[in-house]
Amino acid sequence: MATLEEQLNGALRDAVRERFGTQAVADQELFVQPATSEKFGDLQCNVAMPLARRLGRAPREVAAGLLEGIRWPKCVERVEIAGPGFINIFLSEKWLAGYCARLLQDERCLVPEVGAGRVVVMDYSSPNVAKPMHIGHIRSTVIGSALDRMYRYLGYRVIADNHIGDWGTQFGILILGYRHFVDQEALRRSPVEELERVYAASYAKARTDREWMEQARRELVKLQRADPENLALWSRFVQLSLQEFERIYRRLGVRFDLVRGESYYRDRLSGIVAMLKERGLARESEGAQVVFLEEEGLPPCIVQKRDGGFNYATTDLATIESRIQEFSPQKILYVTDERQQLHFRQIFAIARRVGWNTELVHVWFGLMRLPEGTFSTREGNVIRLELLLDEAERRALEIVRQTSPSMPEDQQEEVARAVGIGAVKYADLSQNPQSTVVFTWDKALSLEGNSAPYLQYTCARIQSVLDKYRETIGPLPSAESLELTHPQERRVAVRLVRFADVVLRSASRYRPNLLADYLSDLAKEYNTFYQNVPFLKSEPGVRESRINLCRATAAVLRRGLTLLGIETPRRI
Ligand code: ARG
């Protein structure tokens, strides 16, 4: 079934075609948007402006012409032309109420399964072996996992692949360093930290000591030739790192379908270069094999180094080829920080030249600044995520002790876990991914503002209204009884009917913050409703209707938070 926006866009599109021809405007020019203020209706459409410009006529006149005889779906009560030619759309109250009642009875909150039969590979998190996750990996994990949940919910077959950095020249240096410098006790205590230290020491030595460098190279060659001893060391490094990453994923509630490191593709690398050469895409330049990308306005991309070694770019090309062969995805999504934009532009350009026609998307995000102190190392980049999460849970526990003093202690702790982790995730997800974010505890854990605890609290409040209804009045009413009798109810309803469109848009633009913004706006309107309109004390009939509106709101808030990977405890 078409969503609200699809229905309205469809009616407008047909009208434009009939009156002004198929080419008159681009699709995105006629799309309806939520009205900026209630005065302007529930939704508005600004198509008359670009259309009038193109036709050399007055926008109001064009708008009037467009609306003449337009076949609106039955959700539309009336429309008006305002100002210079805005089309303001008012939804029918009866339809709004009916939609909310249907939403309440639908498992999926009326979100269509638009992705059925389609496959998306999602490449996110992807930290590197023997190095701690840096803030970029954390953001990639949180944002990637939210997109993963949304796409799955929309019916796509999602293959979440953690593309671990587990292959490359650094392993020669690491193996050599390990043989000379490792402190087994430290390795037991904090494996990744120790491996990182060993690597750094060995790397530093290699920079001044040619003999050491030469030895490291030999260790690498041995590893590449599958020397059993080096292979065993390498695989131990990978295991130790994965165990540590896994602990973080468990806390964050993140699961992958595949954890295929770069090493998985190592046997394909020479084939990729051979193929690029054969097709005339790669050629020799100063001893290296290079793909020149002048046409795309990009710098050349090296796919095989002068010493014969392959690199990050070669691996990513091999990965695309393998994913296409195995999964035939419509789309492959990569979630990384902004520093990899050029890399992916080059890879995507080469993929297009090869003729791989899977849609390739790089979802990049900016930096996030974290609170000073224990969470960031000197470089300010590597964060001790586990400490950040511990702190979040500790602070959340203080809040829960205030909001639910009578709750048993173990339950308080369980709730604090959901609230603390939720707060950290939401602080990340609620921002435009591409802007710089400053994380503050006050904002993340606020019970009032745009935060996870606020949304979780709203859900818990609704739950307690429903509990109260059951206690004092009886079983919850039949879902059909839903009428809107108060303007504030209408405001809530107008938001509920947008849910499907918001999920679709949030997914298709790769912006979880659109969903987060929507949820916080819905919660705000709901709370105004809750504070100003009597529920349980209103007259029978109205009361049931209001209870059902609450239930529909709770269903949408819960579903929305689940899509963002945030839990909603029954009580807070
Ligand atoms: N391991 C890389 C890094 O830490 C990220 C990998 C992203 N995915 C990919 N297919 N290149 O920078």
Side-chain angles (χ1 to χ4, degrees), residues 120-145 147-148 158-171 174 192 195-196 199-200 234 237-238 241-242 244-246 248-249 254 256-266 268-269 272 291 298 301-303 310-327 329 331-352 354 356 358-368 377 379 381-383 385 433 510:
V120 184
V121 174
M122 292 200 183
D123 178 320
Y124 61 90
S125 193
S126 309
N128 301 316
V129 164
K131 287 194 198 152
M133 286 199 200
H134 62 61
I135 183 65
H137 298 125
I138 307 301
R139 291 205 80 187
S140 169
T141 308
V142 171
I143 295 172
S145 139
L147 293 173
D148 175 333
V158 174
I159 294 147
D161 185 7
N162 192 358
H163 190 77
I164 305 274
D166 66 353
W167 202 243
T169 44
Q170 69 270 32
F171 285 95
L174 183 59
V192 172
L195 290 177
E196 199 199 18
Y199 175 78
W234 167 79
F237 303 153
V238 174
S241 303
L242 283 179
E244 199 157 314
F245 300 150
E246 199 45 53
I248 291 175
Y249 296 142
V254 172
F256 296 94
D257 301 296
L258 302 172
V259 184
R260 278 187 186 163
E262 295 180 18
S263 65
Y264 181 84
Y265 307 95
R266 61 186 186 256
R268 284 178 177 261
L269 303 178
I272 285 287
V291 181
L298 296 169
C301 180
I302 297 176
V303 290
F310 305 105
N311 58 17
Y312 189 47
T314 331
T315 302
D316 258 325
L317 291 168
T319 307
I320 296 177
E321 181 192 58
S322 159
R323 285 172 175 163
I324 290 176
Q325 285 170 358
E326 188 171 350
F327 305 112
K331 203 197 287 259
I332 306 176
L333 216 68
Y334 302 82
V335 189
T336 80
D337 69 45
E338 58 193 5
R339 291 171 298 180
Q340 299 201 24
Q341 286 177 81
L342 176 60
H343 166 73
F344 284 111
R345 266 193 244 131
Q346 292 178 312
I347 297 305
F348 296 175
I350 296 172
R352 269 190 302 273
V354 171
W356 291 326
T358 297
E359 188 190 353
L360 302 168
V361 185
H362 182 209
V363 179
W364 56 270
F365 48 81
L367 294 169
M368 177 154 71
T377 61
E379 302 84 62
N381 202 358
V382 174
I383 68 154
L385 181 73
Y510 318 111

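For ligands, and for the atoms within them, numbers begin at 1 and follow the listed sequence. Just so we're clear, the structure is a prediction, and the values are computed from it rather than from any experiment.
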Heavy-atom closest contact (Ser145 atom, Tyr124 atom, distance):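 Taking Ser145 first and Tyr124 second, the nearest heavy atoms are N-CE1, 3.6 Å.
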Specify the closest pair of heavy atoms between Ala130 and Leu195, including all atoms of both residues, with the distance to one decimal.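 Distance-wise, the nearest heavy atoms are CB-CB, 3.8 Å.
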Between Phe344 and Tyr334, what is the ring plane arrangement, given parallel below 30°, perpendicular above 60°, and tilted in between?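 Phe344 and Tyr334: tilted rings.
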Check against side chain to side chain donor-acceptor pair (under 3.5 Å), Tyr249 and Asn162: CA-CA 11 Å; Tyr249 296 142; Asn162 192 358; 3.0 Å; yes
Looking only at distance, does Glu262 have an N or O less than 3.5 Å from an N or O of ligand 1?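 No; every N/O pair is 3.5 Å or more apart.
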If you measure every N/O of Thr336 against every N/O of ligand 1, is any gap under 3.5 Å?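 There is no such contact.
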[atom]: the protein heavy-atom neighbour that sits closest, reported with distance to 0.1 Å:
{"atom": "atom 6 (C) of ligand 1", "answer": "Tyr312 OH, 3.2 Å"}
{"atom": "atom 8 (N) of ligand 1", "answer": "Asp123 OD1, 3.0 Å"}
{"atom": "atom 12 (O) of ligand 1", "answer": "Gln340 NE2, 2.7 Å"}
{"atom": "atom 4 (O) of ligand 1", "answer": "His137 NE2, 2.7 Å"}

Run the numbers for me: atoms of ligand 1, each under 4.0 Å from some heavy atom of [X], listed by number.
{"X": "Asn128", "answer": "1 (N), 2 (C), 3 (C), 4 (O)"}
{"X": "His163", "answer": "8 (N), 9 (C), 10 (N)"}
{"X": "Tyr334", "answer": "10 (N)"}

Is any side-chain heavy atom of Lys131 closer than 4.5 Å to a side-chain heavy atom of His137?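 With C-beta onward as the side chain, the pair stays apart.
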Given side chains that start at C-beta, do those of Val291 and Val303 come closer than 4.5 Å, heavy atoms only?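 Touching, per the 4.5 Å side-chain cut-off.
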Would you say CD1 of Ile302 has more than 12 non-hydrogen atoms from neighbouring residues, nucleotides or ligands within 6.0 angstrom?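 Open.
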At under 4.0 Å between heavy atoms, which part of Phe344 makes contact with ligand 1: side chain, backbone, both or neither?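 The side chain, only.
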With backbone taken as N, CA, C and O and side chain as the heavy atoms from C-beta onward, which portion of Asp316 lies under 4.0 Å from ligand 1: side chain, backbone, both, or neither?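 It is the side chain that touches ligand 1; the backbone stays farther off.
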With ring centroids as reference points, do His362 and Phe348 lie under 6.0 angstrom apart?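 They do not qualify: ring centres at least 6.0 Å apart.
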